[in-house]
Amino acid sequence: MATIDIVISELRNLFPDWESTVPSKIWPVIEQTAYETSVDELEDFLEKYRTVGKEWGFHPYAPFARRILKNVLYVITEPVLGGLGNLEKGLDMVREGKADRLILLTNHLSYADANLLATLLQPTLIAKGFGDDFSVVVGPKVYNQRFKAFSSLQFNSLLIAQSLTVATQEASLSIREIARAAKKVMVDIHERVKVLLIFPEGGRSRTGSLNRFLPGVIKLIEAAGNAVVVPASIIGGNVLLPINDSTLHYARVDVTVGEPILLGDMHARYGTADQAKPDIMDHFGRRVAATMPPERRGIYAGESE
């Protein structure tokens with residue numbers, strides 16, 4: 001078994017640019033966290049880091065990465081949370097058997113969004129018995145840089161290859177490979193997921209305003225069976241980690257959670273045919289928009305149920 005110093009040295013070698021990526025006061029937090037972590041847990045992280053994103057579908061989180069990101073993000077952000085009672089309500093529905101899984105739908109501004117939500121919602125998930133169950137649908141671009149691949153290990157990730165991920169690396173994939181990847185993710189959602197975050201715009205908003213939700217996302221939601229959908233918004237991730245920037249910045253982050261919605265109620269209202277899918281996703285879009293400031297509601301501004 002390796003010593004703690006050897007493992008930490010390997011961590012530094014993984015991220016030679018870490019100290020230019022995070023503010024100078026953060027690296028001591030990272031190093032202290034590493035020294036307080038068992039060698040077994042560090043080796044577990046290194047093994048998962050070497051394999052994450054190599055296959056389609058489910059990749060489990062690494063406790064060490066979760067601890068690092070939690071400590072870093074609480075130092076570098078000022079979180080403001082609203083509506084957590086709605087998340088609790090949705091989790092209670094899963095716990096009581098009224099729903100099979102919880103699907104969290106939010107806007108998307110930054111690669112940091114999933115990490116911020118994983119950190120800020122974790123106390124509620126733990127309190128309701130879902131501390132290990134936070135999963136996120138991601139595209140290949142999440143793994144194309146060391147820091148992003150590390151960050152993906154804060155949560156369970158499901159690597160998918162569909163147009164909804166807007167991943168340019170998929171351009172060379174055959175239709176058969178895309179279908180195989182989608183099938184793997186659907187099976188993993190059904191078999192391995194209890195709480196799933198999806199960014200239904202299909203990519204990060206360049207304007208900060210909400211884009212129309214992609215109809216194809218309904219396939220992922222329906223793979224969750226009798227799902228309860230919880231709309232939410234996150235504002236500030238693009239300040240923490242702006243698009244086309246690899247440096248973290250101090251930021252205020254606002255997370256607001258809306259009322260849970262049973263997927264069955266949406267099917268009862270709009271139907272189950274293919275032509276109903278855009279209507280259902282637009283319904284979810286309006287519910288997410290309702291948790292956002294009016295100037296950020298974008299395509300759903302002025303719309304109501």
Side-chain angles (χ1 to χ4, degrees), residues 7-8 11 14-15 18 21-23 26-27 29-34 36-38 40-55 57-77 79 81 87 102 104 106 108-128 130-160 165 188 192-199 204 232 234 236-238 240-241 246-249 251 253 255:
V7 175
I8 290 176
L11 287 173
L14 284 177
F15 311 111
W18 189 297
T21 301
V22 300
I26 297 299
W27 176 255
V29 175
I30 297 168
E31 195 163 57
Q32 180 181 349
T33 303
E36 292 172 350
T37 302
S38 71
D40 286 347
E41 189 172 297
L42 291 171
E43 290 182 329
D44 166 77
F45 158 73
L46 290 170
E47 178 60 29
K48 289 175 178 174
Y49 177 84
R50 295 181 187 110
T51 59
V52 71
K54 298 296 191 294
E55 299 287 342
F58 187 89
H59 296 273
Y61 82 95
F64 172 68
R66 174 175 291 180
R67 186 175 297 108
I68 287 286
L69 268 298
K70 172 188 173 183
N71 290 346
V72 167
L73 292 175
Y74 271 117
V75 168
I76 204 172
T77 63
L81 308 178
L87 177 61
L102 185 146
L104 185 69
T106 81
H108 193 21
L109 300 175
S110 167
Y111 279 127
D113 290 342
N115 297 101
L116 287 164
L117 290 166
T119 295
L120 300 178
L121 301 183
Q122 184 67 4
T124 303
L125 294 171
I126 291 173
K128 292 296 182 178
F130 296 93
D132 294 331
D133 295 314
F134 190 79
S135 303
V136 184
V137 173
V138 302
K141 286 189 287 187
V142 167
Y143 305 109
N144 68 5
Q145 293 177 3
R146 289 178 174 183
F147 181 74
K148 290 192 292 184
F150 171 87
S151 299
S152 76
L153 286 168
Q154 185 186 10
F155 41 78
N156 306 316
S157 60
L158 291 108
L159 175 58
I160 195 168
T165 63
D188 284 347
R192 307 186 68 172
V193 168
K194 279 296 182 184
V195 178
L196 182 62
L197 168 63
I198 302 175
F199 297 115
R204 294 166 294 165
I234 177 167
N238 56 321
L240 177 72
L241 184 62
S246 60
T247 303
L248 296 178
H249 304 269
V253 176
V255 175

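Counting from 1, the numbers follow the sequence of the chain as shown.
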So which atom in Gln122 and which in Gly131 form the shortest heavy-atom distance, rounded to 0.1 Å? NE2-O, 2.8 Å
Roughly how far apart are Leu104 CG and Ser135 OG, rounded to 0.5 Å? 11.5 Å
Check the pair Phe130, Thr124 against side-chain contact (heavy atoms from CB on, under 4.5 Å), reporting the backbone distance first and the verdict last. CA-CA 8 Å; Phe130 296 93; Thr124 303; over 6 Å; no
For Asp188 versus Gly57, what's the shortest heavy-atom pair and its separation? OD2-CA, 3.4 Å
Specify the closest pair of heavy atoms between Tyr74 and Pro123, including all atoms of both residues, with the distance to one decimal. OH-CG, 4.3 Å
Checking Tyr49 against Arg146 for the side-chain contact (heavy atoms from CB on, under 4.5 Å) test, could you report, in this order, the C-alpha distance in whole Å, the side-chain angles of both residues, the deciding distance, and whether it holds? CA-CA 9 Å; Tyr49 177 84; Arg146 289 178 174 183; 3.4 Å; yes
Can you find a pair of side-chain heavy atoms, one from Phe58 and one from Leu158, that are under 4.5 Å apart? yes
How many angstroms lie between atom CZ of Arg204 and atom NZ of Lys141, to the nearest 0.5 angstrom? 6.0 Å
May I ask you to test the Val142-Val136 pair for a side-chain heavy-atom distance under 4.5 Å? no
Evaluate Leu120 against Leu73 for side-chain contact (heavy atoms from CB on, under 4.5 Å), listing each step before the verdict. CA-CA 9 Å; Leu120 300 178; Leu73 292 175; over 6 Å; no
Restricting to side chain to side chain contact (heavy atoms under 4.5 Å, CB included), what partner residues turn up for Ser38, sequence neighbours left out? Asp40, Glu41
Return the OH to NZ distance between Tyr61 and Lys48, rounded to the nearest 0.5 Å. 7.0 Å
How are the rings of Phe155 and Phe134 set to each other: parallel, tilted or perpendicular (split at 30° and 60°)? perpendicular
Determine whether Leu87 and Leu102 make a side-chain contact, defined as any pair of heavy atoms from C-beta on separated by less than 4.5 Å. yes
Measure the CD1-OG1 distance between Ile198 and Thr106 for me, rounded to the nearest 0.5 Å. 10.0 Å
Please name the pair of heavy atoms, one in Gly236 and one in Leu109, separated by the smallest distance, quoted to 0.1 Å. N-CD1, 4.5 Å
Quick one: does any side-chain atom of Ser110 pair with a main-chain N or O of Leu241 as donor and acceptor, under 3.5 Å? yes
Measure the CD1-OG1 distance between Ile68 and Thr33 for me, rounded to the nearest 0.5 Å. 4.5 Å
What residues, two or more places apart in sequence or in another chain, satisfy side chain to side chain contact (heavy atoms under 4.5 Å, CB included) together with Leu46? Val7, Glu10, Leu11, Leu14, Arg50
Nearest heavy atoms of Ala251 and Leu240, plus distance in Å: CB-N, 3.7 Å
Do any N or O atoms from the side chain of His249 and from the backbone of Thr247 form a donor-acceptor pair under 3.5 angstrom? yes
Between Asn115 (side chain only) and Leu69 (backbone N and O only), is there a donor and an acceptor less than 3.5 Å apart? no
Cation-pi check, Lys148 to Tyr111: give yes when NZ or CZ is under 6.0 Å from the six-membered ring centre and within 45° of the ring axis, no otherwise. yes
Heavy-atom nearest pair, Gln154 first then Lys70, reads NE2-N, 4.2 Å
With heavy-atom distances below 4.5 Å as the criterion, would you say the side chains of Pro63 and Asp44 are in contact? yes
side-chain contact (heavy atoms from CB on, under 4.5 Å) for Ser152 and Val52? Distances and angles first, verdict last. CA-CA 8 Å; Ser152 76; Val52 71; 3.8 Å; yes
Going by heavy atoms in the side chains, are Ile234 and Leu116 under 4.5 Å from each other? yes
So do the side chains of His108 and Leu197 get within less than 4.5 Å of each other, counting heavy atoms only? no
From CD (Gln145) to CZ (Phe150), nearest 0.5 Å: 14.5 Å
